[in-house]
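Basis for what follows: all heavy atoms, side chains included, without hydrogens, waters or symmetry-related copies. The chains referred to below are lettered A, B, ... by the order of the sequence lines, with proteins before strands, and numbering in each begins at 1.
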Protein chains: 2
Amino acid sequence: MARWEPDARGRLQQAAMSLFRERGYAEVTVAEIADRAGLSKRSFFNHFADKREVFFANAQFFEESVLAHLASADPRLSAIDATVLALTRCGLDLSTVTSAEDAQTRLDVLVATPELRERDLNKTAELTAAMVEALGRRGVPPRTAGFAAQAGLAVFTVAVAEWLATPAADFPDLMRRALNELREAVA
Amino acid sequence: MARWEPDARGRLQQAAMSLFRERGYAEVTVAEIADRAGLSKRSFFNHFADKREVFFANAQFFEESVLAHLASADPRLSAIDATVLALTRCGLDLSTVTSAEDAQTRLDVLVATPELRERDLNKTAELTAAMVEALGRRGVPPRTAGFAAQAGLAVFTVAVAEWLATPAADFPDLMRRALNELREAVA
DNA sequence: CCTCATGACTGCACTAGGTGCAATCACCAG
DNA sequence: CTGGTGATTGCACCTAGTGCAGTCATGAGG
């Protein structure tokens with residue numbers, strides 16, 4: 001028998017998410033999360049830098065996915081096309097892993113908690129920076145890369161919101177439409 | 001003689017900014033800020049919701065300025081044109097009130113402090129939402145307004161960075177150039 | 001079989017951000 | 001003279017987060 005139950009990090013994440021869903025982020029203490037996971041408060045902070053991070057434990061997976069798709073996109077594509085393509089594929093990947101309801105409840109906790117929205121913006125900014133770097137490796141100048149990455153993510157956000165509202169819709173099509181709307185908006 | 005020195009809020013803000021410049025945000029405690037302003041820690045939290053807010057005390061002024069310019073822009077202008085115009089005027093206003101060095105040192109503290117960068121993203125998001133609402137009052141549909149506001153702010157950020165690097169440059173021209181670059185990037 | 005380094009986990013003490021509540025007291029209106 | 005207002009405060013308290021020293025099963029090597 002193992003000295004400790006396996007996957008402490010995963011247990012903390014699950015305990016946290018269920019508690020957040022039950023009572024809301026603000027009403028849950030780190031000590032409670034750790035308790036439910038069978039660990040100490042101190043151990044929680046060995047696995048997560050702060051209380052907010054546990055909510056974004058799988059967001060890193062998303063970032064890696066975007067970057068991988070971006071790296072493998074046809075080098076002849078323009079910055080914006082490569083970005084939108086990568087995010088489209090990412091969205092499709094995500095929709096196979098996560099159900100629309102899970103995504104929705106997660107989003108509910110997010111929008112209900114200013115502290116988490118703030119951190120979410122930060123994650124998005126970090127992702128943007130990483131995408132700029134990835135585009136840089138494709139020879140895209142930084143300024144252009146910054147605009148393309150921000151535009152791509154704006155389009156993605158809109159498309160995901162649409163998809164949550166109508167899960168039957170075709171995601172790549174939603175991305176195309178949103179991109180066209182953005183183009184018209186800045187023209 | 002007044003019971004209390006006037007402008008407690010302003011004193012707190014000044015005390016905070018000078019301490020942040022001297023030793024960096026993280027090395028300063030709220031108690032120290034309150035001390036220097038001749039107030040108690042408890043009073044600090046009567047004026048500011050948390051430690052980060054004191055750094056953005058005048059950001060609200062900027063938001064009001066943007067919205068005023070947006071409301072007074074020619075109604076025949078497109079969403080993106082009105083947005084960029086408003087931000088251009090705002091930038092000009094700001095450059096008459098604040099010196100480039102002050103803006104630069106403020107920016108230095110910002111970029112050196114993850115906690116403040118996070119809050120800054122939040123402020124930008126709130127401003128975006130307010131701009132979307134203002135554009136809505138001009139009859140712009142929400143989706144278009146969202147894209148225009150985000151694009152405008154992306155352009156503004158780039159133009160301000162350029163202006164800080166070369167304060168002699170013509171700000172409206174920097175805005176025009178940045179907007180053109182964005183259009184090319186998403187085309 | 002012994003030993004030793006490793007590494008996940010823990011307890012403890014401590015700092016600092018943040019809140020609720022009751023009290024203070026100059027100022028001002030009636 | 002009196003009572004209300006409002007900025008300020010002290011105090012008790014909670015929670016997030018950190019540094020440090022210690023525990024102890026496991027696994028490699030002698």
Side-chain angles (χ1 to χ4, degrees), chain A residues 1-20 22-57 109-110 112-123, chain B residues 1-20 22-57 109-110 112-123:
Chain A
M1 163 176 161
R3 179 171 187 187
W4 295 294
E5 296 302 311
D7 194 22
R9 192 184 163 91
R11 269 155 48 219
L12 284 167
Q13 191 191 339
Q14 283 211 310
M17 293 309 278
S18 64
L19 282 167
F20 293 162
E22 287 169 22
R23 315 209 313 264
Y25 177 85
E27 313 312 315
V28 175
T29 70
V30 171
E32 285 173 314
I33 299 170
D35 265 5
R36 183 170 289 195
L39 292 169
S40 69
K41 173 189 158 193
R42 193 66 190 82
S43 285
F44 178 94
F45 290 110
N46 287 339
H47 288 280
F48 300 100
D50 57 45
K51 185 184 168 189
R52 302 168 252 339
E53 281 301 305
V54 70
F55 186 82
F56 297 94
V109 176
L110 221 197
T113 316
E115 215 172 327
L116 291 178
R117 265 180 306 166
E118 202 169 276
R119 180 57 56 88
D120 186 57
L121 290 169
N122 203 41
K123 294 282 179 193
Chain B
M1 165 178 154
R3 180 171 186 186
W4 297 291
E5 296 301 312
D7 194 23
R9 193 184 162 90
R11 269 154 48 219
L12 284 167
Q13 191 191 339
Q14 284 211 309
M17 292 310 277
S18 63
L19 282 166
F20 293 163
E22 287 169 23
R23 315 210 310 264
Y25 178 87
E27 312 313 316
V28 175
T29 71
V30 170
E32 285 173 315
I33 299 170
D35 266 4
R36 181 170 292 196
L39 293 169
S40 69
K41 173 189 158 193
R42 192 65 189 80
S43 284
F44 178 95
F45 289 109
N46 287 339
H47 288 281
F48 301 100
D50 57 44
K51 185 185 170 191
R52 305 168 235 8
E53 281 301 304
V54 69
F55 186 81
F56 297 94
V109 176
L110 222 195
T113 316
E115 215 172 324
L116 291 178
R117 264 180 307 169
E118 200 168 278
R119 180 57 57 89
D120 187 58
L121 291 170
N122 203 40
K123 294 283 177 189

Residues passing the side-chain hydrogen bond (donor to acceptor under 3.5 Å, both in side chains) test with A/Glu115, sequence neighbours excluded, are A/Arg52
Partners of [X] by salt bridge (Lys or Arg N to Asp or Glu O under 4.0 Å), sequence neighbours excluded?
{"X": "B/Arg42", "value": "none"}
{"X": "A/Glu53", "value": "A/Arg119, A/Lys123"}
{"X": "B/Arg117", "value": "none"}
{"X": "A/Glu27", "value": "none"}

A/Leu19: partners by side-chain contact (heavy atoms from CB on, under 4.5 Å), with sequence neighbours left out: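 A/Glu22, A/Arg23, A/Val28, A/Glu32, A/Ile33, A/Arg36.
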Which atoms form the tightest heavy-atom contact between B/Pro114 and B/Ala112, and what is the distance?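 Where B/Pro114 meets B/Ala112 most closely, the heavy atoms are CD-O, 3.6 Å.
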Calculate the interatomic distance between [X] atom [atom1] and [N] atom [atom2]; express it in whole Å.
{"X": "B/Leu12", "N": "C/dG17", "atom1": "CG", "atom2": "C1'", "answer": "16 Å"}
{"X": "A/Phe48", "N": "D/dT18", "atom1": "CZ", "atom2": "C1'", "answer": "18 Å"}
{"X": "A/Glu27", "N": "D/dT15", "atom1": "CD", "atom2": "P", "answer": "11 Å"}
{"X": "B/Glu115", "N": "C/dA16", "atom1": "CD", "atom2": "C1'", "answer": "11 Å"}
{"X": "A/Asp50", "N": "D/dT15", "atom1": "CG", "atom2": "P", "answer": "17 Å"}
{"X": "B/Glu53", "N": "C/dT19", "atom1": "CD", "atom2": "C1'", "answer": "16 Å"}
{"X": "A/Asp35", "N": "C/dC9", "atom1": "CG", "atom2": "P", "answer": "15 Å"}
{"X": "B/Ile33", "N": "C/dG18", "atom1": "CD1", "atom2": "P", "answer": "10 Å"}

Need one value for B/Ala49: base, sugar-phosphate or nothing, where a base atom within 4.0 Å counts as base even if backbone is also close, heavy atoms only. sugar-phosphate
Sequence neighbours left out, what pairs pass ring pair (Phe, Tyr, Trp, His ring centres under 6.0 Å) with at least one residue falling in residues 27-47 of chain A? A/Phe44-A/Phe48
Reported CG-to-CZ distance for the pair B/Leu110 and B/Phe20, which is rounded to 0.5 angstrom: 11.5 Å
Nucleic acid footprint by protein, nucleotides 3-11 of chain D - heavy-atom cut-off 4.0 Å, B for base, S for sugar-phosphate alone: ---BBBBBB
Can you name the atoms? Protein N/O to nucleotides 3-6 of chain C N/O, anything below 3.5 Å, with the distance.
none

